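A quick write-up on the structure given underneath.
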Amino acid sequence: MRRNNNQKLHRKFDDDESQIISENKPNGNNVDHSEDAHMKRPRPHITELQDQDTEAHGTQPSDGSAAVVNSAPRWAQTASKKKQKVKKSHAADAKTVTFFSDDEEEQQRSSKALSFDQQKAKARELLEVRKTLPVYKAKDELLERLANSRVTVLIGETSSGKSTQIPQFLMPLNKKSIAVTQPRRVAAISLATRVAEEVGTTLGDKVGYSVRFDHKAKYGTKIKYLTDGMILREIMIDSSLSQYSTVIIDEAHERTVLTDLMMGFLKELLQKRKDLKVIIMSATLDAERFSKFFDNADILFVEGRMFKVEKLYLEKSVDDVVDSTIKTIIQVNNGELEGDILVFLPGQEEIDKCVSLLERLAPELPKEAPLIVPLPLYASLPPADQAKVFLPLKARRRKVILATNIAETSVTVPGVRYVIDTGLRKVKVWRHQLGLSTLLTAPVSKASATQRAGRAGREAEGKTFRLYTEDDFMKLPAMTEPEIARSNVVSPVLMLKRAGVDDILNWSWLQNPGQDSLISALTQLHELKALDDNGKITELGEQMAILPLEPQLSAILLTAHKSGCLSDAVDIVSCLSVDNLILNPPSETRDEVNEKRRSLCILGAKYGDLLMLKELLDFYLQFDNSQERKQWCHDLALSHRGFKNVMRVRNQIRQYMVSLTKDKHLFDEEKEKKPLDIPSVLKAFLSGYVSNTAIGMPDRSYRTTTSGQLISVHPSSLMFGKKNDAIMYTDFVYTTKGYARNVSAIELSWLQEVGGHVLAPKHSIA
DNA sequence: AGGGTTTTTT
């Protein structure tokens, strides 16, 4: 689909391409997540290397390693129709993480302050690098096009330099500020840092950024990089975004919920603000959809600077990803030249299996080939372990990075020349009919497979080995289904209500999540009393929208405030807002860690996981020695870093609550010392989680109060194995069966008392 | 009575 044209920039796609693009039909109301049968594969079950290639190759290995060496999968190679120029290596991507420190946020970025002259000198030096970027070469033509339209869709391939250069080109032409939005915080910070250097200004002066917990921008800042979430916050405060004359939405193709919302808001805002310009930047060829949405906006194309990546497919499908991954790794290691290997696997389970297999196999492999050094990479891995993928190795060694989707966009590992792609990923899908989420292993889209392959061509020519057939590839969906089509939209809907949108169903959705999903969200908001019977936002709803939390959690805090247990509720809510705070201990120490947690958290053992969080935070706060605190976290499999985030969230929520209630003394000492009123706290949580309740059956199982579905307490909960009349949980996730996570014991009578308006008469409890 | 979570953000 890549065009081979000398014209670096052109206005519109030819009809044939538009045709291809428009085949990507908008997915309307019915969210169907079933995949074509040919891509359906059983989840891998092997713990030992099973050799299903054995039949084909006639070998009967006595152990795993022999199987691996002797029966490499066979590869088909497709003729490369695309002519791509090989370019010299380019400056490091300013957008992704290339290094992790223990405290990512406290990293010293250009710690030494440069003098004015030094800054200018640096900027002149960088100008030479900038001039080599494809976007820079097309500068004049680009500016002319941009000047003539209010909305432009700009397709810039990876490494075109669009995110750093376009805002700088536009800077002299804008009276007000230019906002550039990013889906991720690190991207916003590092882009701003880089651009400030290029401009020759101190970060936070002419060029700055704004992300949660961290702002470096002032009133006159001309270019401001923000996260999508942050600019949506700004819209809540100033719905006309009056400080900006240009808004650039970057990475629009990722289609995160927040980017989608942003585009909807901008579409409406363009009616009101005739002086506003909007640029949608996207990496892939799905521009047609954006263009149509913005009344056939112009589409511009800037080529990137990627090296050629050869694509190889399997001749025959396999059904054991771990096994074929291992074989391919060894084959690549034996047969290919220098360069690291990046492997995309669906999840932690598969990654851990591959890592331990490789650790066992590596020393036994032929000594002619480099020694394989397997390195896992996924989000819940401690930062220190993640950082290992960036460390250089000794000679005659080859990194094999086994990663989840995190390596597709968030983390860029240098040195990768080979990509092995299983074509699978994990997706969380919200089922609003059932009030639960499911976690599926599903095939990626063509766009995603292309992005993964591109990871091999950042520094030199590379190869990608796809662990599926070319036929399978052709049948993949063109684009990944946008997040909004498979998410709970309670939060977006409240945001829209707060912004004054009455008709949610017919709002300017880039993609409408569907009537059922919207109605379910509206119903939930009504139950939380954020909306009145007419669907108008209530005063409570306004306050809920202001708090940087899920509406359920906001509702809990406002109830807790009324019942006098706000401080305790804030502590627990803060813990709930931080991911990966309570870690999964490794299987060897699992029972031991569970027992430690249980014996330490006396209230938690009795009342459940919410009180455990409160107790853990209290313990955490008691330490004055950081070393002891770290050790404590380690012993209980808790994230030290996570607790630091909890403290930041807690701080922020406290400030918001103070300003909402206009009570400066809300969290003063004497109030803090009130004894913990457990029923009040749990009832406050029940006000947010009325629909997340289940009743204990005589056979020790539970049935949900809303739909009567079978639900089990997850074994990681302190409530696991305990008999309760009723439980409340924060999550209902269906994996091998329906599990309630984060469980608390509640009294049956509370259900009527707190949730009578929702649960009503069908649950008369005798 | 017994488990497996991709990723992002205010």
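This structure is a prediction, so every number in the text was calculated from the model and none was measured. Proteins come first, then strands; the chains are lettered A, B, ... in the order of their sequence lines, and each starts at number 1.
Here the closest heavy-atom approach between residue A:A252 and residue A:T259 is recorded as CA-CG2, 4.1 Å.
Evaluation of atom-type donor-acceptor distances gives a pair under 3.5 Å for the side chain of A:R233 against the base of B:dT10. For A:R590 and B:dG2, a side-chain-to-base donor-acceptor distance below 3.5 Å is absent, hydrogens and geometry of angles not being considered. In this model, a side-chain donor or acceptor of A:D591 finds a partner on the base of B:dG2 within 3.5 Å.
A donor-acceptor contact shorter than 3.5 Å is absent between the side chain of A:Q182 and the backbone of A:Y225. No donor-acceptor distance shorter than 3.5 angstrom exists from the side chain of A:T227 to the backbone of A:P183, with no hydrogens or angles considered. Here the side chain of A:D731 pairs no donor or acceptor atom with the backbone of A:N742 at under 3.5 angstrom.
Side-chain proximity of A:D579 to B:dT6, B:dT8, B:dT10: nearest is B:dT8. The side chain of A:L439 approaches B:dT6 more closely than any other nucleotide in the set B:dT6, B:dT9, B:dT10. Here the nucleotide nearest the side chain of A:S410, chosen from B:dG2, B:dT9, B:dT8, is B:dT8. Checking B:dG4, B:dT9, B:dG2 against every side-chain atom of A:F720, the shortest atom distance belongs to B:dG2. Nearest to the side-chain atoms of A:Y739 among the listed nucleotides B:dT9, B:dT6, B:dG4 stands B:dG4. Taking every side-chain heavy atom of A:T227 into account, B:dT9 is the closest of B:dT9, B:dG2, B:dT7. Distances were taken from every side-chain heavy atom of A:L258 (C-beta onward) to each of B:dT6, B:dT9, B:dT10; the shortest belongs to B:dT9. For A:H714, the side-chain atoms get nearest to B:dG4 when compared with the rest of B:dT8, B:dG4, B:dT10.
Between A:L547 atom CG and B:dT9 atom C1' the separation is 16 Å, expressed in whole Å. When the P atom of B:dT9 is taken as reference, atom CD of A:E234 falls 16 Å away, rounded to whole Å. If you take CD of A:E481 and C1' of B:dT6, they are 15 Å apart, rounded to a whole angstrom. Going from atom CD of A:E251 over to atom C1' of B:dT9 covers 15 Å, rounded to whole Å. For A:Q451 and B:dT6, the CD to C1' distance is 15 Å, given to the nearest whole Å. The distance from atom CZ of A:R255 to atom P of B:dT6 is 24 Å, rounded to the nearest whole Å. When rounded to the nearest whole Å, the span between OH of A:Y209 and P of B:dT9 equals 14 Å. In this structure, the CG atom of A:D228 is 14 Å from the C1' atom of B:dT7, given to the nearest Å.
Residue A:P715 is the one, among A:S577 and A:P715, whose nearest nucleotide of DNA chain B lies closer to the 5' end (criterion: closest heavy atom). A residue-by-residue look at A:N405 and A:L549 shows that A:N405 has its nearest nucleotide of DNA chain B further toward the 5' end.
A salt bridge is defined here as a Lys NZ or Arg NE, NH1 or NH2 lying under 4.0 Å from an Asp or Glu carboxylate O, and A:R498 with A:E542 meets this definition.
No side-chain donor-acceptor contact under 3.5 Å links A:N580 and A:R641. At a cut-off of 3.5 Å, with distance as the only test, a side-chain donor of A:N645 or A:R648 sits close to an acceptor on the other residue.
OP1 or OP2 of B:dG3 has not a single side-chain nitrogen or oxygen of A:T736 nearer than 4.0 Å. For B:dT7, the OP1/OP2 oxygens have no side-chain nitrogen or oxygen of A:R425 closer than 4.0 Å. Within the 4.0 Å cut-off from OP1 or OP2 of B:dT7, at least one side-chain nitrogen or oxygen of A:T404 is found. OP1 or OP2 of B:dT6 lies within a sub-4.0 Å distance of a side-chain N or O belonging to A:Q348.
We find the CD1-OG distance between A:I653 and A:S574 to be 4.0 Å, quoted to the nearest 0.5 Å.
Remark: A:T735 in residues 723-735 of chain A come within less than 4.0 Å of DNA chain B through at least one heavy atom.
Residue A:K722 is out of contact with every strand shown, counting any heavy-atom pair closer than 4.0 Å.
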Inset, instruction - Take A:Y378 and A:N405 through the test side chain to side chain donor-acceptor pair (under 3.5 Å) and record every step on the way to the result. - result: CA-CA 8 Å; A:Y378 43 81; A:N405 249 352; over 6 Å; no
